[in-house]
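For reference, the structure is listed below as structure tokens.
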Amino acid sequence: AQSVTQLGSHVSVSEGALVLLRCNYSSSVPPYLFWYVQYPNQGLQLLLKYTTGATLVKGINGFEAEFKKSETSFHLTKPSAHMSDAAEYFCAAGYNTDKLIFGTGTRLQVFP
Amino acid sequence: GAVVSQHPSWVICKSGTSVKIECRSLDFQATTMFWYRQFPKQSLMLMATSNEGSKATYEQGVEKDKFLINHASLTLSTLTVTSAHPEDSSFYICSAFSSRDNSPLHFGNGTRLTVT
């Protein structure tokens, strides 16, 4: 069965530090991959997506992710964290762009 | 961009009553909408896939008689939680797929249901 694993349910960084949120998927066929952000009591907002083509994907708010087929990974990074980045982040995978399998989420805390 | 509106944003109801949640695609037609449930500090669990003009497809373990889904038009899907119980209290999120921009799911802002 396909699954998405997010290592680390909580990640804490200082403002200005590098953000790294990990995501691995299990599949013999690379699916479509997504990162979403969720603020408290709100829906999900798409940060970025990988479908085909360039493996380094740039998204909104300075985030980017790199698809590495050999590692079945799609880690999310941001060079410098802002306080406003504090939120829940979900990695998701699908074999098309509609039905998605979500990881368990990573809560990012940013300290001043 | 594609906008999905979900209403209400929160609702409190008594045990045994039914609650209807609406999910609308405001500026695009959505032949397929999805309903997710999210428990506190957990991920999203897909409950069902709602297809316009046909019966919804429920995921394993989801009671279709308890969670009634209707997708009567290309812009509206509803989820009705029937005979609600406290264990139904959760955050429900809908999403819709826009073929117009070949984007993945556009999500509503969710509905916080509390059953007392």
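Naming: A, B, ... by sequence-line order, numbering from 1 per chain.
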With a 4.5 angstrom heavy-atom cut-off, could you sort out which part of B:L44 is near chain A: side chain, backbone, both or neither?
both
Hey, could you give me the CD/CG distance between B:Q38 and A:L44, rounded to the nearest 0.5 Å?
7.0 Å
Whatever's closer than 4.5 Å to a heavy atom in chain B on A:F90 counts as side chain
For a 4.5 angstrom cut-off between non-hydrogen side-chain atoms, does B:Y36 reach A:L100?
yes
State plainly whether one hydrophobic cluster holds both B:I69 and B:V81, where clusters connect Ile, Leu, Val, Met, Phe, Trp and Tyr through side-chain heavy atoms under 4.5 angstrom apart.
yes
Region of B:Q6 in contact with chain A, defined by heavy-atom distances below 4.5 Å:
neither
Transitive ILVMFWY side-chain link B:F91 to B:V62, under 4.5 Å:
no
B:K66 atom NZ: more than 12 heavy-atom contacts under 6.0 Å
yes
Transitive ILVMFWY side-chain link A:Y89 to A:L48, under 4.5 Å:
yes
Which residue out of A:Q38, A:E88, A:R107 racks up the most heavy-atom pairs below 4.5 Å with chain B?
A:Q38
ILVMFWY cluster, B:I93 and B:L113 together (side-chain gap under 4.5 Å):
no
B:R112 atom CZ, over 12 foreign heavy atoms within 6.0 Å
yes
Counting only N and O atoms by type, is there a donor-acceptor contact under 3.5 Å from the side chain of B:S43 to the main-chain atoms of A:G105?
no
